[in-house]
Number of protein chains: 2
Amino acid sequence: MLGPEGLNRALEHLRAFVRRKGLKSSLVRESVARAALEHVGHFTAEELVRSVRERGVEDVHPATVYRVLPLLVEAELIHQTLVSGGEGQRYERAFEREHHDHIICSSCGKVVEFHFEAIELLQSDVAKSLGFRLTGHIHELFGVCSACEPLART
Amino acid sequence: MLGPEGLNRALEHLRAFVRRKGLKSSLVRESVARAALEHVGHFTAEELVRSVRERGVEDVHPATVYRVLPLLVEAELIHQTLVSGGEGQRYERAFEREHHDHIICSSCGKVVEFHFEAIELLQSDVAKSLGFRLTGHIHELFGVCSACEPLART
DNA sequence: CTTGATGCAAAAGTTTTGCAATTTC
DNA sequence: GAAATTGCAAAACTTTTGCATCAAG
């Protein structure tokens, strides 16, 4: 959860980013940013359009959201996430959040975040040993959560 | 590379699979399977259509490829892969291949496969500690390869 | 000769784009 | 007022689907 102060910091960050790029600020874009930043969990472009609309104040056209999303990514307010397939590209807030990966229950769809430093370190080692300078990664685990597997419980 | 004998084993495997499911064998499907199995590296549905056509013998309609691909996945002749975004779902051969993940150079697009048992083991640990039975994963690293980074070489 | 496989065309779903109207600076 | 942003409609792209025809067992 990003509190009201965090939201302000994020919007200020966005304004500075926009200024730096020689672009203009805009109400609509900030509405989209607000909806994205306060969205719980992952969201698609379409869901974001709905979120903005549900907040009542502004209304956004899907095309605009599709134009704003890459900008928010570039400003590092949000990240693209995978959370496997389905309906289109997903995003989640990145601003003032720690890095994490996901494990998804194939049965109920539950998504749990995890962060394991040991894995992160090994990733760097792998990259280094292959002659790469690591800049990012996608890591998603699939499984069946305990709630979905009342069977086979030892 | 899958040699001619491997190809035969794969096709026989497919035939058995098809029989087991109560479906029928077909020339076209086997052409698609052959093209997929002998394809070097990753491929999309569209590329597979081209590959089949280039082999000259058969010709396949895209719709057919889209219908065949899930079957080949189910038969475990191929796997879906990510190899980040771009034009549609990608696949690669799975038959008689070890599991591996990918690291991709963001600059030149080079894809290198890797397999690190330590990471695989940690993944299981993570899943277990979160109450999941692990069934699969996507793991893709991004970076800049040595060829693309003549600068910053220490 | 019954059932599955295929081609084709049309549809569906997501994302992009050209353009006129609007907002921002 | 010049330039960026937005909405709208149309296009682009990938994938799916209904249906008539073809091929397999």
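We use all heavy atoms of the structure for the numbers below, so side chains are in, but hydrogens, waters and symmetry mates are not. In this text the structure is predicted, and so the values were computed from the model without any measurement. We name chains A, B, ... by the order of the sequence lines, and we start the count at 1 in each one.
- Sorted by first then second residue, the ring-ring contact (aromatic ring centres under 6.0 Å, His included) pairs that include residues 6-42 of chain A, not counting sequence neighbours, are A/His13-A/Phe95, A/His39-A/Phe43, A/His42-A/His102.
- The side-chain hydrogen bond (donor to acceptor under 3.5 Å, both in side chains) check on A/Glu76 picks up nothing, with sequence neighbours excluded.
- When hydrophobic residues (I, L, V, M, F, W, Y) are linked wherever their side-chain heavy atoms come within less than 4.5 Å, the members clustered with A/Met1 are A/Val40.
- Taken residue by residue, residues 38-46 of chain A places no heavy atom nearer than 4.0 Å to DNA chain D.
- Note on residues 100-111 of chain B: no pairs pass salt bridge (charged side-chain N to carboxylate O under 4.0 Å, His left out), not counting sequence neighbours.
- Bounding nucleotides for the chain A contact on DNA chain D, 5' to 3', at a heavy-atom distance below 4.0 Å, are D/dA2 to D/dC8.
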Subject >> Per-nucleotide protein contact string for nucleotides 19-25 of chain C (B base, S sugar-phosphate only, - none; heavy atom under 4.0 Å) >> reply: -----BS

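- Legend: salt bridge (charged side-chain N to carboxylate O under 4.0 Å, His left out) pairs involving residues 84-95 of chain A, not counting sequence neighbours, sorted by first then second residue: A/Glu87-A/Arg90, A/Glu92-A/Arg97.
- In this structure, the side-chain contact (heavy atoms from CB on, under 4.5 Å) partners of A/Glu12, at least two apart in sequence or on a different chain, are A/Arg15, A/Arg19.
- The distance between atom CZ of A/Arg90 and atom C1' of C/dT15, rounded to the nearest whole Å, is 15 Å.
- Rounded to whole angstrom, the span from the NE2 atom of A/His61 across to the C1' atom of C/dT15 amounts to 12 Å.
- Rounded to an integer number of Å, the gap from CG of B/Asp59 to C1' of C/dC8 is 13 Å.
- When each of B/Ile103, B/Ile104, B/Leu141 is paired with A/Phe132, the side chain to side chain contact (heavy atoms under 4.5 Å, CB included) condition holds for B/Ile103 and for no other.
- Legend: residues meeting side-chain hydrogen bond (donor to acceptor under 3.5 Å, both in side chains) with A/Arg53, ordered by chain and number and at least two apart, are A/Asp59.
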In a table with atom names and distances, give each donor-acceptor pair under 3.5 Å that connects a side chain of residues 123-131 of chain A to protein atoms at least two apart or in another chain.
from: A/Gln123; atom 1: OE1; to: B/His139; atom 2: NE2; distance (Å): 2.4
from: A/Gln123; atom 1: NE2; to: A/His137; atom 2: ND1; distance (Å): 3.2
from: A/Ser124; atom 1: OG; to: A/Glu120; atom 2: O; distance (Å): 3.4
from: A/Ser129; atom 1: OG; to: A/Asp125; atom 2: O; distance (Å): 3.4
from: A/Ser129; atom 1: OG; to: A/Val126; atom 2: O; distance (Å): 2.8

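- Not a single side-chain contact (heavy atoms from CB on, under 4.5 Å) links B/Glu98 to another residue, sequence neighbours left out.
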